[in-house]
Amino acid sequence: MKTIKSSYNTSPTAYSNPIHSPLLKSSLMKTLLLAAVAALTLYGCSSAPQAPTAPPPPALPVASIASGTETTFQEYPASIEGTVNVEIRPQVSGTLDKVFVDEGAYVSAGQPIFKINEQPYRAALNNALASLHAAEAAQVNAQLEVEKLTPLVANKVVSDYQLKTAKAASDVAKANIESAKANVATAQINLGYTLIKAPVSGYIGLLAKKQGSLVAPADVAPLTQLSDVHDVHVYFSLGEKDFVAFKEQYPGASLKDKLKNVPSVSLLLADNTEYAKQGKIDIVDGQFDKNTGAITLRANFSNPDGLLRSGNTGKIRLSLSHKDALIVPESATVEMQDKVFVFIVGDSSKVKKQAIDIVGKSGDHYLVKDKEAIKAGDQIVLEGIDKLQEGMVIQPQKQADKVAAVVKH
């Protein structure tokens with residue numbers, strides 16, 4: 001058989017793995033190194049932090065501050081009293097025989113209310129009258145003695161001393177008559193006190209004593225109270241600051257002149273309904289109360305139907321006029337630490353937090369007097385103020401409806 005010779009090299013070197021070739025190893029290592037560098041470069045580029053994009057300034061509605069003359073109404077707690085409030089008390093002691101009226105009844109001046117047992121006082125009057133008659137009789141005897149001695153002394157039958165003694169006795173008798181008359185008058189007065197009459201027209205209060213009770217002038221509680229409520233006095237108090245503002249409202253050289261220019265005031269009853277009649281402030285107390293720091297004013301109201309009674313409570317509604325007051329919507333303010341702030345839009349649309357001094361409230365708007373902190377025409381942020389900070393930039397959005405609402409008010 002013919003032997004065929006192979007053309008391949010049969011040496012161990014020729015049959016080894018090509019990867020073990022030094023040249024191929026070097027080329028492969030370079031390729032892997034370049035791939036690793038590329039991968040690291042791509043990873044580094046993909047993980048590098050990007051600079052954040054600043055959000056645009058918030059767009060918030062703004063409006064210009066308007067000014068004008070506004071009238072506000074302040075309410076002050078008030079107490080109501082009749083023009084005359086009388087405590088009915090007995091002037092003499094005794095048993096209460098009769099009660100002619102009932103609680104809450106209306107009585108006219110001079111109408112009998114109570115009757116105290118009069119018998120002891122009528123007996124005292126009779127005794128006083130008897131003493132008067134005795135004194136008058138004694139005076140007659142003394143005068144007769146003087147008349148008898150007068151001619152005897154003239155004829156020098158008796159001494160002048162006896163006539164003088166008789167005249168002195170006559171003078172004493174006259175004095176006794178005057179004393180007896182005074183006792184009679186006292187007894188008549190006490191007897192008259194047994195019938196207690198209404199000193200004024202008005203309404204009877206609660207009856208502290210009933211028929212058959214023993215009464216005396218020293219009793220702590222009165223028999224009843226009588227109130228004349230044809231007109232009523234309503235008392236209320238103003239603090240020092242409110243009183244200063246009250247006086248500045250009206251023209252006049254004196255407080256009396258100013259009161260003449262004060263408009264009528266309203267009375268709110270306990271159920272917050274307004275009393276039909278208007279009242280007039282007529283008196284201001286002479287000094288402030290040291291304990292409360294307030295001064296009391298009095299308003300007079302007509303009460304022809306007797307709807308108001310002494311002891312009622314209510315509120316006086318007092319109107320105050322504010323000239324050239326700055327008008328700020330309440331919704332455009334924020335309260336912090338007992339102060340009220342607004343955000344004013346300044347240069348470069350930056351906002352500034354500004355405290356304001358509120359002098360009154362009209363509807364849902366505040367009235368501001370401090371024209372140094374803010375002034376008419378300043379732009380303030382109307383909404384979104386709870387998210388604003390000092391110096392923050394915004395995009396002012398002038399909304400015609402909101403501006404018109406502020407100016408119209």
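The first residue of the sequence shown is numbered 1, and numbering continues consecutively from there.
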Report yes if some heavy atom in the side chain of [X] is under 4.5 Å from a heavy atom in the side chain of [Y]; otherwise report no.
X: Phe343; Y: Ile394; answer: no
X: Phe100; Y: Phe114; answer: no
X: Gln225; Y: Ser310; answer: no
X: Ser201; Y: Val107; answer: no
X: Leu132; Y: Glu136; answer: yes
X: Leu207; Y: Leu223; answer: no
X: Pro396; Y: Val381; answer: no
X: Lys398; Y: Gln379; answer: yes

Separation between [atom1] of [X] and [atom2] of [Y], rounded to the nearest 0.5 Å:
X: Arg89; Y: Thr224; atom1: CZ; atom2: OG1; value: 11.5 Å
X: Tyr366; Y: Ile358; atom1: OH; atom2: CD1; value: 4.5 Å
X: Gln143; Y: Lys167; atom1: CD; atom2: NZ; value: 9.5 Å
X: Leu214; Y: Lys209; atom1: CG; atom2: NZ; value: 7.0 Å
X: Asn190; Y: Ser93; atom1: CG; atom2: OG; value: 10.0 Å
X: Leu308; Y: Leu267; atom1: CG; atom2: CG; value: 6.5 Å

side-chain contact (heavy atoms from CB on, under 4.5 Å) assessment of Asp386 paired with Val334: CA-CA 7 Å; Asp386 55 333; Val334 60; over 6 Å; no
Pair Tyr121 and Tyr193, ring centroids less than 6.0 Å apart: no
Test salt bridge (charged side-chain N to carboxylate O under 4.0 Å, His left out) applied to Glu103 and Lys210, step by step: CA-CA 11 Å; Glu103 296 172 337; Lys210 306 300 182 182; 3.5 Å; yes
Parallel, tilted or perpendicular: rings of His233 and Tyr235 (30°, 60°):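 Perpendicular.
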Provide the closest heavy-atom pair for [X] versus [Y] in the form atom of the first, atom of the second, distance.
X: Leu149; Y: Gln162; answer: CD1-O, 3.4 Å
X: Gln389; Y: Val351; answer: O-CG2, 3.4 Å
X: Asn303; Y: Val229; answer: ND2-O, 2.9 Å
X: Val262; Y: Ile281; answer: CG1-CD1, 4.2 Å
X: Ile295; Y: Gln287; answer: CG1-O, 3.7 Å
X: Ala208; Y: Pro222; answer: CB-O, 3.2 Å

Evaluation steps, side-chain contact (heavy atoms from CB on, under 4.5 Å), between Val232 and Thr83: CA-CA 5 Å; Val232 294; Thr83 52; 5.8 Å; no
Short N-O contact, Asp282 and Arg298, less than 4.0 angstrom: yes
Glu75 with Arg317: basic N within carboxylate O range, under 4.0 Å: yes
Is the [atom1] atom of [X] crowded by more than 12 outside heavy atoms at less than 6.0 Å?
X: Gln119; atom1: CD; answer: no
X: Asp271; atom1: CG; answer: yes
X: Lys280; atom1: NZ; answer: yes

Look only at the side chain of [X] and the backbone of [Y], and say whether a donor-acceptor pair between them is shorter than 3.5 Å.
X: Asp289; Y: Asn291; value: yes
X: Asp378; Y: Ile374; value: no
X: Gln211; Y: Asp97; value: yes
X: Asn312; Y: Arg309; value: yes
X: Gln354; Y: Val342; value: no
X: Thr186; Y: Ala182; value: yes
X: Glu178; Y: Ala175; value: no
X: Thr273; Y: Leu269; value: no

Lys258 to Tyr250, cation-pi by 6.0 Å centre distance and 45° axis angle: no
Pair Val328-Thr333, side-chain contact (heavy atoms from CB on, under 4.5 Å): steps then yes or no: CA-CA 8 Å; Val328 176; Thr333 64; 3.8 Å; yes
Distance-only polar pair, side chains of Asn85 and Ser227, donor-acceptor under 3.5 Å: yes
Between Ser266 and Gln278: side-chain donor-acceptor atoms closer than 3.5 Å: yes
Pair Asp242-Tyr76, side-chain contact (heavy atoms from CB on, under 4.5 Å): steps then yes or no: CA-CA 11 Å; Asp242 288 346; Tyr76 301 93; 3.3 Å; yes
Pair Ser254-Asp257, side-chain hydrogen bond (donor to acceptor under 3.5 Å, both in side chains): steps then yes or no: CA-CA 5 Å; Ser254 63; Asp257 295 335; 3.2 Å; yes
